[in-house]
Amino acid sequence: MSFDNYHKVVEENDTVILYLGYENMHSIKVRGGHTFQTKYGALRHSDLLGKPYGSKIQCPKGYLYVLHPTPELWTQNLPHRTQILYSTDISIVTFQLDVRPGSVVVESGTGSGSLSHALIRSLLPSGHLHTFEFHKERAEKAEQEFKEHGLESYVTVNHRDVCQNGFDLEHVADAVFLDLPVPWEALPSAKTALKKEGGRICSFSPCIEQVQRTCEVLTELGFEDISTMECLVRNFDVRTVNLPIPDLGGGDSIETSSIKKEKNTVDEESDKKQEIVKSNADGDKSSAENAKQTFDFIGKKEDKNFYFKSGVAPTQMPGHTGYLTFATLYPA
Amino acid sequence: YFIIYRQVWLDKMKFTLDGTIGHTYGSTFEVKNGEMVKVTRIFKEEDVLGTEQGKDNRDLHDLDSNQKLSRDDIEKLKKDGVKGKELIGHLIENSTTFKAKTEYAQEKWVKKKKLKHVAEFTVLRPCARLMCDIYSQKGPSKILHLRMDTLAQILLYGNVRAHSNVAVVDTCCGLVVGAVMERLGGYGKVIHFHPGDMPIRPVVENLNFSKDVLDSLYTFPLSCLNSVSSKTSVENKSENSDSSSNTTDTNEVKRTKTDEKTDEINQGGLEENEKNSEDLGSEEGSQCEETEGPENSTSKNTKNGSEKRKHEQNTQRVLNKQERERQIEDAKKLLQEKSIDCLIVASKFHPTPIVLALVDYMAPSRQVVVYSQFKEAVMDSYAYLRERGGLVNYRVSETWLRNYQVMTMRTHPVIQMSGGGGYLLTATTILKPS
């Protein structure tokens, strides 16, 4: 019951986020008497009741934090019933559709409710989301979830195929969002759904061919400022990196010649010993040389390593989610 | 205030905006004899293309002489009232190469001519999206190169929404503050932390917020921040209470003056705003310290009009001082109650000391978002916050944004793209054990 507003403590039937560590979180619905198994052992739901959000909760083999749900945390931990929209795209959709308290938004398809939760968050308390899903069970599940999350007054779930049957809404919406395989079939009805003073529309499609057809139809219907974009997120792993300083042969001529002389001997041990002895003898000279090279503009040199803090990009990053096409409908 | 959405950013045209008043937002106007006249939608390229087209450009030469009409001829036509579709028609007739171009080349040519010669404007209601767009195009350094998608993420990861208390450190002309206020819709509170004595946030003014929304905005000089924990109170000067009787008069005067100002957001507009703000920002003085002499209108500035402006600003400042000090006290209470739900830092300063100072006032399980144009600054804040403890779910990231040109048989990414949109650090606070 804590999605519509921030609450201080965990209550019965709240959906909470259990944070165990980096990329290790779970969402659970708190019910006294139940237990949730974690890698740190069993967590009794009753241990959460009455605790302030953000509290550290002790488990048999470790601890975790109970976090307040947000649409972003929900997106990362919700049960997938379909492919979902992730926060990067959600942020752009919300921003580009000018969603704010009081906005009336139409969405199809509801899917797993990832975007829905984010839209509701942005349009409450005075706005409304009309969401459409053609799969009966998914529509029912979404409706149930909104109720569990205390959001039912801000959303109407419709079990309907909008491509075949339209939205059956006339001039009520400030914004329409489409995530459909054949979005252009829903565009005429989407246009009717938008308010007379105009509004914004967005279509999310993974394939460029879908985008092309969508843009064609948007133009035919009189939409303007048609703009297609894509956005990808790149996370950085901030850590200290150590790069070894290479041996470039050394500036000590004696050392070099001793290496040459001893090169062919089998006894590597004596080789090394001799080098060490030599370098010690020339200790002052070599350490003076080393002292010059501290490599401390961007990082620091420590013994034979150069170390610095870096934001290292991951080996793999998301390369494509979908194309976002936005357009404006101006008043007639 | 409203935004004029211009197709050509270069042409400097002078006209009054009176012709637009009374029409709905989204209407299009054309400039006719220095005035705005409502028109129906601009014509589409296809309307002017004839039936003759070429196959490719093998025999075409790119010469100035291809267009028979000189610049003077075109200007004369415009003065005679020829415009829009007709003007383009003239240009097509007098082009030796037009009919030999391919259909796509013709479309592209017409599009270019439209941009150059047809002065049509659509009047739009301002919103954060459009303000971000304008500043990104006209003065990205003014918003610290904060790109649209990064701003969108700040609002999302901050969980900025109705009923929350948001602390925003903003030196982006108020773009972030404005966007936050839009998302709050008057429900909840926004505290704008700013350097100097007065906040510089032209964007907030341009967004034309209602009184409800404006009432949710608190202003807090950064220099007062350390005094929050030391519990020093703001002392009012007795002079201020005397001038309260003049408040309403001067406020009204100020309001009519702003109505008269041309609201056009163009290059000049942005510059003017900056000039104003520099006047304001240069006056040092902290309201949280005890003594502050009454501000005189003696101005050493000899530029025309600026003296008058400065006097106006000074009287405004002296009159609202009580109001401002009350706000600071209210904001201090919010901070001391640790009821900040979201902290956003998007400033030209090194973020680390700011974040470390403000994160103490946050409720547990709430969002921190730090923006910098530079990855190193964000990384530094990350390192120090990790050191401090009391946060989880850290993320340092950037986003990549690309626009596409979508046309039949001509779909491809746009040739130029943004080189970078800045970096974000996001994290969630937890309850620090006492």
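Numbers restart at 1 for each chain; the letters A, B, ... are given by sequence-line order, proteins then strands.
Taking all atoms of both residues into account, the shortest heavy-atom contact from A/Ser55 to B/Leu431 is OG-CD2, 3.6 Å. Nearest heavy-atom pair across B/Arg161 and A/Asp4 is NH1-O, 3.7 Å. Nearest heavy atoms, B/Val160 versus A/Arg121: O-CD, 4.2 Å. Here the closest heavy-atom approach between residue A/His68 and residue B/Ser365 is recorded as N-OG, 2.7 Å.
Listed by sequence position, A/Ile208, A/Val211, A/Gln212, A/Cys215, A/Glu216 are the residues of residues 206-219 of chain A in contact with chain B, using a 4.5 angstrom heavy-atom cutoff. Among residues 229-236 of chain A, the residues having any heavy atom closer than 4.5 Å to a heavy atom of chain B are, in sequence order, A/Met229, A/Glu230, A/Cys231, A/Leu232, A/Val233, A/Arg234, A/Asn235, A/Phe236.
Contact check for A/Leu67 versus B/Val392: side-chain heavy atoms found under the 4.5 Å cut-off. Residues B/Asp149 and A/Ser91 form no side-chain contact, since every pair of their non-hydrogen atoms from C-beta on lies 4.5 Å or further apart. Using a 4.5 Å heavy-atom threshold, the side chains of B/Leu124 and A/Thr328 count as separate. Side-chain contact between A/Tyr53 and B/Pro364 is absent, with no heavy atoms from C-beta onward closer than 4.5 Å.
Within 6.0 Å of atom NZ in A/Lys8, 12 or fewer heavy atoms from other residues, nucleotides or ligands are found, so the atom counts as exposed in its surroundings. The environment of NZ in B/Lys338 is crowded: more than 12 heavy-atom neighbours from other residues, nucleotides or ligands sit within 6.0 Å. Atom NZ of A/Lys51 has more than 12 heavy atoms from other residues, nucleotides or ligands within 6.0 Å. No more than 12 heavy atoms of other residues, nucleotides or ligands sit less than 6.0 Å from atom CZ of B/Arg386. At most 12 non-hydrogen atoms from other residues, nucleotides or ligands lie less than 6.0 angstrom from OH of A/Tyr63.
Residues passing the ring-ring contact (aromatic ring centres under 6.0 Å, His included) test with A/His171: none are found, sequence neighbours excluded.
Only the side chain of A/Tyr19 comes within less than 4.5 Å of a heavy atom of chain B; its backbone N, CA, C and O stay farther away. With a 4.5 Å cut-off on non-hydrogen atoms, B/Arg183 touches chain A through its backbone and its side chain both. For a residue to count as touching a neighbouring chain, one of its non-hydrogen atoms must lie under 4.5 Å from one of that chain's; by this rule A/Val93 does not touch chain B. Neither the backbone nor the side chain of A/Lys56 has a heavy atom closer than 4.5 Å to any heavy atom of chain B. Heavy atoms closer than 4.5 Å to chain A are found in the backbone of B/Met407, but not in its side chain. Heavy atoms of B/Tyr394 lying under 4.5 Å from chain A belong exclusively to its backbone. Heavy atoms of B/Val378 lying under 4.5 Å from chain A are absent altogether. Of the two parts of A/Ser227, only the side chain, counted from C-beta on, holds a non-hydrogen atom closer than 4.5 Å to a non-hydrogen atom of chain B. A/Met25 touches chain B through its side chain: at least one heavy atom from C-beta onward sits under 4.5 Å away, while N, CA, C and O do not. In this structure, the portions of B/Leu401 lying under 4.5 Å from any heavy atom of chain A include both its backbone and its side chain. Heavy atoms of A/Ile226 lying under 4.5 Å from chain B are absent altogether. For chain A, no part of B/Ile154 is nearby; none of its heavy atoms comes within less than 4.5 Å.
Here the CD1 atom belonging to A/Ile92 is positioned 10.5 Å from the CG atom belonging to B/Leu156, to the nearest 0.5 angstrom. From B/Leu155, atom CG reaches atom CZ of A/Phe95 across 6.5 Å, with rounding to the nearest 0.5 Å. Note that OH of A/Tyr65 and OG1 of B/Thr428 are 12.0 Å apart. Values are rounded to the nearest 0.5 Å.
Of all the listed residues (B/Leu424, B/Asn159, B/Asp380), the one sharing the greatest number of non-hydrogen pairs under 4.5 Å with chain A is B/Asn159. With chain B as partner, the option from A/Pro125, A/Ser122, A/Ser126, A/Pro71 having the largest number of non-hydrogen pairs under 4.5 angstrom is A/Pro125. With respect to chain B, the highest number of heavy-atom pairs below 4.5 Å among A/Ser87, A/Ser310, A/Pro52 belongs to A/Ser87. Per-residue counts of heavy-atom pairs under 4.5 Å with chain A were compared for B/Tyr187, B/Tyr157, B/Tyr382; the largest is that of B/Tyr187.
Between the side chain of A/Tyr6 and the backbone N or O of B/Ser164 there is no donor-acceptor pair closer than 3.5 Å. Using modelled atom types, no side-chain atom of A/Lys309 and backbone atom of B/Met379 make a donor-acceptor pair closer than 3.5 Å.
Screening residues 94-104 of chain A for side chain to side chain donor-acceptor pair (under 3.5 Å), with sequence neighbours left out, gives A/Gln96-A/Arg200, A/Asp98-B/Arg129.
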